[in-house]
Chemist: 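The structure is given below, and queries will be raised subsequently.
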Amino acid sequence: MLFRSRMRRTSRLPQCYYEAVSVPKLVDFLTGRAAFRMAEAARAGKLYKEQPFVMGLPASRLGSGFPAEETVLIQGIIDVFFEEEDGFVVLDYKTDAVFTPEELVRRYRTQLVYYGEALAQIYGYEPGVGGKPVKERILYSFKLGQEITVFTSLP
């Protein structure tokens, strides 16, 4: 609570954000498994935040009406990812007003697929060749107060 008040007093946290911050929801996140894993990665120098990326995809991946020979650029910013011994973990924070984890998964599954592909390109992962895979993709819902592991194979 003191940290939040100090941030407000020093104008580092606008009033509208100060009023919107739920301390209990932050505590829930900070005492959860994902935060613990992030802290471990940070101590090892393997925590990465706000990582921008741009990657090209065949346009046909967006739908059958698009030509395969055309390339579209996908760009985004990965909230946070970290490296563990056996691979990378992507975590995306969500504040959507949802009632079930499945709602978030439906909305963001494809986004997490792209994040995984971007990290594989950035870090040179190729199955059977080398590098570390993206082994886990997590949405953290502040509304629901829970981590949701997302399985990302597309139909």
Chemist: Going by side chain to side chain contact (heavy atoms under 4.5 Å, CB included), name the residues that satisfy it together with S60, two or more places apart in sequence or in a different chain.
Modeler: P58, A68
Chemist: Are the ring centres of F88 and Y123 closer than 6.0 Å?
Modeler: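 Between Y123 and F88, which both carry aromatic rings, the centre distance is below 6.0 Å.
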Chemist: Of all heavy-atom pairs between V134 and G116, which one has the smallest distance, and what is that distance?
Modeler: CG2-O, 3.7 Å
Chemist: Is the number of heavy atoms from other residues, nucleotides or ligands under 6.0 Å of E69 CD greater than 12?
Modeler: yes
Chemist: Listed by chain and number, what are the side chain to side chain contact (heavy atoms under 4.5 Å, CB included) partners of Y108, not counting sequence neighbours?
Modeler: K94, D96, L104, Q111, L139
Chemist: Once you measure the plane-to-plane angle for F142 and F29, does it fall in the parallel (<30°), tilted (30-60°) or perpendicular (>60°) bin?
Modeler: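 If you compare the ring of F142 with that of F29, the planes turn out tilted.
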Chemist: Is the number of heavy atoms from other residues, nucleotides or ligands within 6.0 Å of CD (E50) greater than 12?
Modeler: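 Check passes, neighbour count above 12.
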Chemist: Locate the shortest heavy-atom distance separating T31 from D28; write the atom from each residue and the value.
Modeler: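 Result for this residue pair: OG1-O, 3.3 Å.
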Chemist: Which residues satisfy the side chain to side chain contact (heavy atoms under 4.5 Å, CB included) test with P133, sequence neighbours excluded?
Modeler: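 Side chain to side chain contact (heavy atoms under 4.5 Å, CB included) check on P133 returns Y125.
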Chemist: How far does CG of L119 sit from OH of Y48, to the nearest 0.5 angstrom?
Modeler: 10.5 Å
Chemist: Looking at Y93 versus Y140, is the centre-to-centre ring distance below 6.0 Å?
Modeler: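 Not under 6.0 Å, so no.
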Chemist: Measuring from F151:CZ to R109:CZ, what's the distance to the nearest 0.5 Å?
Modeler: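 So the gap between those two atoms works out to 12.0 Å.
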Chemist: List in chain and number order the residues that pass side-chain hydrogen bond (donor to acceptor under 3.5 Å, both in side chains) with K135, two or more places apart in sequence or in another chain; answer none if no residue qualifies.
Modeler: E84, D86
Chemist: For R43, which residues count as a salt bridge (charged side-chain N to carboxylate O under 4.0 Å, His left out) partner, sequence neighbours excluded?
Modeler: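 Here the qualifying residues are E40.
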Chemist: Which atom names give the shortest non-hydrogen contact between A35 and L30, and what distance separates them?
Modeler: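 Scanning both residues, the minimum pair turns out to be CB-O, 3.6 Å.
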Chemist: Verify the cluster assignment for I138 and F36: are they in a single hydrophobic cluster under the rule of side-chain heavy atoms below 4.5 Å apart?
Modeler: no
Chemist: Find the distance between CZ (R37) and CG (L91) and round it off to the nearest 0.5 Å.
Modeler: 9.0 Å
Chemist: Compare every heavy atom of L112 with every heavy atom of V90, then report the nearest pair and how far apart it is.
Modeler: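 Smallest heavy-atom distance, with atoms named: CG1-CD2, 4.1 Å.
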Chemist: When rounded to the nearest 0.5 angstrom, what distance separates OG in S141 from CD in E103?
Modeler: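 Here the rounded value is 9.5 Å.
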Chemist: Let me check something: do I77 and F81 share a hydrophobic cluster, defined by ILVMFWY side-chain heavy atoms less than 4.5 Å apart, either directly or through other members?
Modeler: no
Chemist: Restricting to non-hydrogen atoms, name the atom on L73 and the atom on G56 that form the minimum distance, rounded to 0.1 Å.
Modeler: CD2-CA, 4.0 Å
Chemist: How close do F66 and A59 get, counting heavy atoms only, and between which atoms?
Modeler: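 Of all heavy-atom pairs spanning F66 and A59, the closest is CB-O, 3.3 Å.
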Chemist: Could you grab the distance from atom CG of L62 to atom OG1 of T110, nearest 0.5 Å is fine?
Modeler: 10.0 Å
Chemist: For residues Y115 and F53, establish whether the separation of their ring centroids is below 6.0 Å.
Modeler: yes
Chemist: My understanding is that only residues two or more places apart in sequence, or in another chain, count here; which of them pass side chain to side chain contact (heavy atoms under 4.5 Å, CB included) with E102?
Modeler: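 Here the qualifying residues are T100, R106.
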